[in-house]
Amino acid sequence: MQRNTVILLSSAAAAGLLAVGTIGYLVVDDPEQQVDSIELTGVTSGSAPSASGADASGQNPPSSQSVDGLEQLVGELRADGDDDDGDDTDDWTVSGVEVDFGPEEWLLTDPELEDFDGNGTVQPLLDELRGLEGTEVTLGVRYEADDDRDDADVYTINGLAFRDTDDGPAPWQNTGGQTEADRDTVSANAAEAVGEGARTVEVERQDEDGWDGWDAEVLDAGGQEYEVILDAAGEVVDVRAED
């Protein structure tokens with residue numbers, strides 16, 4: 001099935017095209033076509049617009065942000081989490097494309113970035129994504145370097161900046177400002193998080209996509225196995241029982 005690529009243009013560039021407010025949309029039939037820089041109007045990385053695009057005062061922010069080389073992916077956001085409890089973390093799709101919002105370990109740290117779901121409150125990122133689940137979203141993406149075009153990194157969500165487009169660090173990458181814990185400290189913190197009588201049986205350093213942290217396997221007093229995720233400083237991020 002052919003999938004159209006939608007390029008988001010500024011109002012000046014969209015003259016003569018279909019206009020929606022101050023933003024025009026051009027539908028390109030060839031998904032392999034190179035995409036030039038695009039201009040997103042009404043985007044401020046520090047504010048949280050409402051679903052209508054207005055800020056808390058009811059006014060549309062006048063500033064704009066230049067975004068290089070992004071393609072627009074439009075479709076229903078779906079969570080493809082396969083946990084037994086139905087929870088989702090890093091597995092999301094839009095129009096059959098796997099979209100990457102960052103490593104699971106980082107998502108579980110509850111980072112707060114923007115009001116992506118437009119409910120007026122900036123919540124942890126996973127809550128924002130779950131608020132958008134089942135709705136149509138417009139993502140600014142860059143596809144992975146292969147010919148399949150079935151997975152992409154996300155840079156903007158409904159016009160709001162998600163990550164730096166100019167080769168800067170992703171929001172989950174450690175820029176060196178965090179004190180690093182040693183393995184013994186990580187092991188002790190992981191066991192304490194599970195409970196009295198627990199013991200850590202394995203500790204591994206994790207650095208997926210530049211996220212810096214630890215993954216520990218812990219057995220409780222009754223022999224139940226737990227996975228404990230910790231950040232680079234040894235702070236516990238998430239504890240979950242294994243099957």
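Since this is a predicted model, take the numbers as computed values, not measurements. Along the sequence shown, residues carry numbers from 1.
Sparse packing is recorded around CD of Glu192, with 12 or fewer heavy atoms of other residues, nucleotides or ligands lying under 6.0 Å away.
Under the 4.5 Å side-chain heavy-atom criterion for ILVMFWY residues, no single connected hydrophobic cluster contains both Leu219 and Val236. Linking Ile, Leu, Val, Met, Phe, Trp and Tyr residues whenever their side-chain heavy atoms come within less than 4.5 Å leaves Tyr226 and Ile229 in two separate clusters. Residues Val186 and Leu108 fall into different hydrophobic clusters, defined by Ile, Leu, Val, Met, Phe, Trp and Tyr side chains chained together at heavy-atom separations under 4.5 Å. Residues Leu126 and Leu230 do not share a hydrophobic cluster, defined by chaining ILVMFWY side chains whose heavy atoms lie under 4.5 Å apart. Val218 and Val239 fall within the same hydrophobic cluster, where Ile, Leu, Val, Met, Phe, Trp and Tyr residues are linked whenever their side-chain heavy atoms come under 4.5 Å apart, directly or through other members.
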Stepwise, does the side-chain contact (heavy atoms from CB on, under 4.5 Å) test hold for Ile157 with Leu139? CA-CA 5 Å; Ile157 303 173; Leu139 305 181; 4.0 Å; yes

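No side-chain donor-acceptor contact under 3.5 Å links Thr138 to the backbone of Gly159. At distances below 3.5 Å, at least one donor-acceptor pair connects side-chain atoms of Asn189 with backbone N or O atoms of Gly234. Looking only at distances, a side-chain donor or acceptor of Asp115 sits under 3.5 Å from a matching main-chain atom of Gly120. No donor-acceptor pair under 3.5 Å is formed between the side chain of Arg142 and the backbone N or O of Tyr155. Listed for the Gln224 side chain is a donor-acceptor partner under 3.5 Å among the backbone atoms of Glu242. A side-chain donor-acceptor contact under 3.5 Å links Glu128 to the backbone of Gln123.
For the pairing with Glu112, the side-chain contact (heavy atoms from CB on, under 4.5 Å) check across Leu125, Val122, Thr121 returns one residue only, Val122.
In plain terms, the two heavy atoms of Ser95 and Leu73 that are nearest each other are CB-CD1, 4.4 Å. Closest heavy-atom contact between Asp215 and Glu227: OD2-OE2, 2.6 Å. Minimum heavy-atom separation, Val141 to Ala152: CB-CB, 3.8 Å. Contact record, Arg163 with Ala170: NH2-CB, 3.8 Å, taken as the closest heavy-atom pair.
Counting only heavy atoms from C-beta outward, the side chains of Asn158 and Phe116 never approach each other to under 4.5 Å. Side-chain contact between Glu136 and Val74 is present, with at least one heavy-atom pair separated by less than 4.5 Å. Side-chain atoms of Glu180 and Asp212, non-hydrogen and from C-beta on, do get closer than 4.5 Å to each other. Between Thr109 and Asp231 there is no side-chain heavy-atom pair separated by less than 4.5 Å.
Between the CG atom of Asp151 and the OG1 atom of Thr93 there is a distance of 12.0 Å, given to the nearest 0.5 Å. Taken to the nearest 0.5 Å, the CG atom of Asp127 stands 7.0 Å off from the CG atom of Asp110. For the atom pair CG of Leu70 and CG of Asp153, the computed distance is 10.5 Å after rounding to the nearest 0.5 Å. Atom CD of residue Glu133 and atom OG1 of residue Thr135 lie 9.0 Å apart, to the nearest 0.5 angstrom. Between atom CH2 of residue Trp92 and atom CZ of residue Arg130 there is a gap of 6.0 Å, rounded to the nearest 0.5 Å. Rounding to the nearest 0.5 angstrom, the gap separating the CD atom in Glu204 from the CZ atom in Arg183 is 8.5 Å.
If you check the side chains of Ser187 and Asp184, you find no donor sitting under 3.5 Å from an acceptor.
For the pair Arg205 and Trp214, the distance from NZ or CZ to the six-membered ring centre is under 6.0 Å and the angle to the ring normal is within 45 degrees.
Taking the six-membered ring for Trp and thresholds of 30 and 60 degrees, Trp172 and Trp106 have ring planes inclined between 30 and 60 degrees apart.
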